[in-house]
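Inspection log for the structure reproduced underneath, given as structure tokens.
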Amino acid sequence: MVILQAGLCPGLTAEMIQLLKANGIRTVVDFISSDLEEIAQKCSLSYKALVAVRRVLLAQFSAFPINGADLYEELKSSMAILSTGSKSLDKLLDSGLYTGEVLELMGAPGSGKTQVCLSMAASVSHSLKQNVLFIDSTGGFTASRLLQLVQSRTEEEEEQVEALQRIQVAHVFDIYKMLAALQELRHCMSQQVVCSVGPVKLLVVDSVSAVVCPLLGGRQTDGLALMMQLARELKTLAREFGLATVVTNHVTRDSSSGHLKPALGRSWSFVPSTRVLLESSQGPLGKASTQCIASLRKSPRQPTGIQVELDIGGYEALEERPGASGEEL
Amino acid sequence: MRRGLPTPRPLTSAARAMSDGFGKAESGAQLLARLEGRSSLRNLEPYLFADEGFPIHGDVIEFHGPEGSGKTEMLYHLITRCILPKSGGGLEVEVMFIDTDYHFDVLRLVTILEHRLPQSTEETIKLCLGRLFLVNCNSSTQLLLTLYSLENMFCTRPSLCLLILDSISAFYWIDRSNGGESYNMQELNMKKCVKFLEKLVREHHLAVFATTQTIMQKSSSSAESSFSLKHQCEADVDYRPYLCKSWQQLVTHRIFFSKKCHSSNSKGFSIVSCHVKRNHVVKCSFSVAECGVQF
């Protein structure tokens, strides 16, 4: 809701605004949706001047269409696929994390979401030498585990230090702090000057349900609006700056069919473009093992239902247990 | 007096056209193109349209369904049908795509185009993509203002006859929260958008496809369903209208998407297509492969 003010655009003078206000036109939307001939007569303003102002305001506040061919050219040069460091996970995601998209990892507590996130961060930072921002809202981020993962990839201390330096961590425990952290990231990325670490390529949010769940429920819709605002911010950041984004979420059971579905409700379910379910697999004798099964639940380019097995407890990068991956279509 | 002009005051609108800079004066060819009507959307997709088999200009078609049910894939299918050249089996018309939730994936569209045109070169793909225009909107206010600014494009391009809005319900919760306590204020922006959309469709003879997301559970009380479901096909569709009434009244066809789980005969998605006024229902199913939607 932008209010008309003097200087908002050239040609919009203070007297004009007074006259328009007297006729009930206060905001940009009022101005653009009104009939300019009527206004010219009622306010005795020049029709041509009004038309000129309308054109400038429209150019300023509306979105500009882009041609499909130009968009394709732009994307061909700016889009990248970041390998997650694990061949089986890459296979699940059609060769890795696509920049400009949001991936959701959903799973019950203890199914390995944070481990997979840490492993992806370590891999992107060390092998691809790209900066990572890790937003932790559960307190599950441990630097020592990250160090283990980096150490398993390289022996040299210098490389380890560099890899760790490329990962920034933000601890946020409510949605406003999370929005502020994303705002700071946006500010950082849109400045051409290198700011402390440099442009981020991977954004990990672990987890988004921890900050959004307290807002939902009850009859107020404000919580849902905040959640959609967060969703919008995540997607806009991913698109505008070419980031790959990974978020984690809990699961609930669908009351009618009994299947697992992502938490946070229907409105959130439209937000990620890819969704992977992580379930910890039972080891022999029913003991919980360090393996987990990742299945593809939603993807814009692959058939759903593919499953792979990942080893998250070990000291190496997530790797397939030999001879154990299953595939279902 | 020129016939076919939409406004009731032809003299003033001619004056307006000249001083508006709403484009230069219309050339003879453009005038003829406008009066003849938009390019026909015949054979766009016979499976989707219950009655006539093709959308008539002036139709507003709503795709409704939960996430992952194939709405965006169907839109890609329609876009390829439109932008492919006539020699490749398409309609060679231009499409305007308004994306409100950053969902559009141009690389997926290119994959589908490459499958449909087997011996295509980069040049032909770019030529096809040149018929698609994409806009991203961030708020319902920006959507409204963008519709106003696109009016010019519809005026000057007679082959631009399809407008796609994916999705029109993206700002629903944010608008509700911004509007405060009164439903009127909450729905105000959407009502204005719908009103202007109606004007665009009427004056420029467009066909509109819009997707809405299933974000509400189907209400079990019959009082809620009194308004629109009376003339609606009930079927077993999980549909509960939540957008403003003016949108419900604007829609001429409603197509419900759903995903079949554990389908044994491999057609994974199904649609129920309803013509709102005539209460005519058609069901069919489709699957999604790498080359796009397949019926």
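Hydrogens, waters and symmetry mates are skipped; everything else that's a heavy atom, side chains included, is used. Chain naming here is simple, since letters A, B, ... match the order of the sequence lines and numbering starts at 1 in each.
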When only pairs under 4.5 Å are counted, which of [options] shares the most heavy-atom pairs with chain B?
options: A:K235, A:R239, A:M79; value: A:R239
options: A:T236, A:V28, A:L57; value: A:T236
options: A:V271, A:T27, A:L58, A:V102; value: A:L58
options: A:A231, A:G265, A:A225; value: A:A225

For [X], which atoms come within 4.5 Å of any heavy atom of chain A: side chain, backbone, both, or neither?
X: B:L127; answer: neither
X: B:N136; answer: backbone
X: B:N178; answer: neither
X: B:K199; answer: neither
X: B:L134; answer: both

Can you tell me which portion of [X] sits under 4.5 Å from chain B's heavy atoms? Options are side chain, backbone, both or neither.
X: A:S273; answer: neither
X: A:E73; answer: side chain
X: A:F64; answer: backbone
X: A:M227; answer: neither
X: A:L75; answer: side chain

Please check: side-chain N/O of [X] versus main-chain N/O of [Y], any donor-acceptor pairing under 3.5 Å?
X: B:Q142; Y: B:N138; value: yes
X: A:N249; Y: A:P262; value: no
X: B:S69; Y: B:K259; value: no

Next on the checklist: Check this for me, if you would: do B:E73 and B:R108 make a salt bridge, where the nitrogen-to-carboxylate-oxygen distance has to be below 4.0 angstrom?
Outcome noted: yes
Are side-chain N/O atoms of [X] and [Y] paired as donor and acceptor at under 3.5 Å?
X: B:H64; Y: B:T211; answer: no
X: A:S62; Y: B:S149; answer: yes
X: B:H77; Y: B:R116; answer: yes
X: B:D175; Y: B:Q186; answer: no

Checklist entry - Do the numbers put A:R301 on top of the ring of A:Y98, so that NZ or CZ is under 6.0 Å from the six-membered ring centre and no more than 45° off the axis? => result yes
Item to check | Geometric cation-pi criterion, B:K192 with B:F196: 6.0 Å, 45° | outcome: no
Checklist entry - Under a 4.5 Å heavy-atom cutoff, which of B:L144, B:T141, B:D105, B:V95 has the most pairs with chain A? => result B:D105
Checklist entry - Based on non-hydrogen pairs under 4.5 Å, which of B:V106, B:V288, B:L129, B:L147 is most in contact with chain A? => result B:L129
Checklist entry - How many angstroms lie between OG1 in A:T252 and CG in A:D254, if you round to the nearest 0.5 Å? => result 7.5 Å
Checklist entry - If you round to the nearest 0.5 Å, how far is CZ of A:R297 from CG of A:L260? => result 6.5 Å
Next on the checklist: Less than 6.0 angstrom separating the ring centers of B:F104 and B:Y76, yes or no?
Outcome noted: yes
Checklist entry - Who in residues 164-173 of chain B is close to chain A, using a strict under-4.5 Å heavy-atom cut-off? => result B:A170, B:F171, B:W173
Next on the checklist: Just to verify, what does A:K298 make a side chain to side chain contact (heavy atoms under 4.5 Å, CB included) with, not counting sequence neighbours?
Outcome noted: A:R275, B:E67
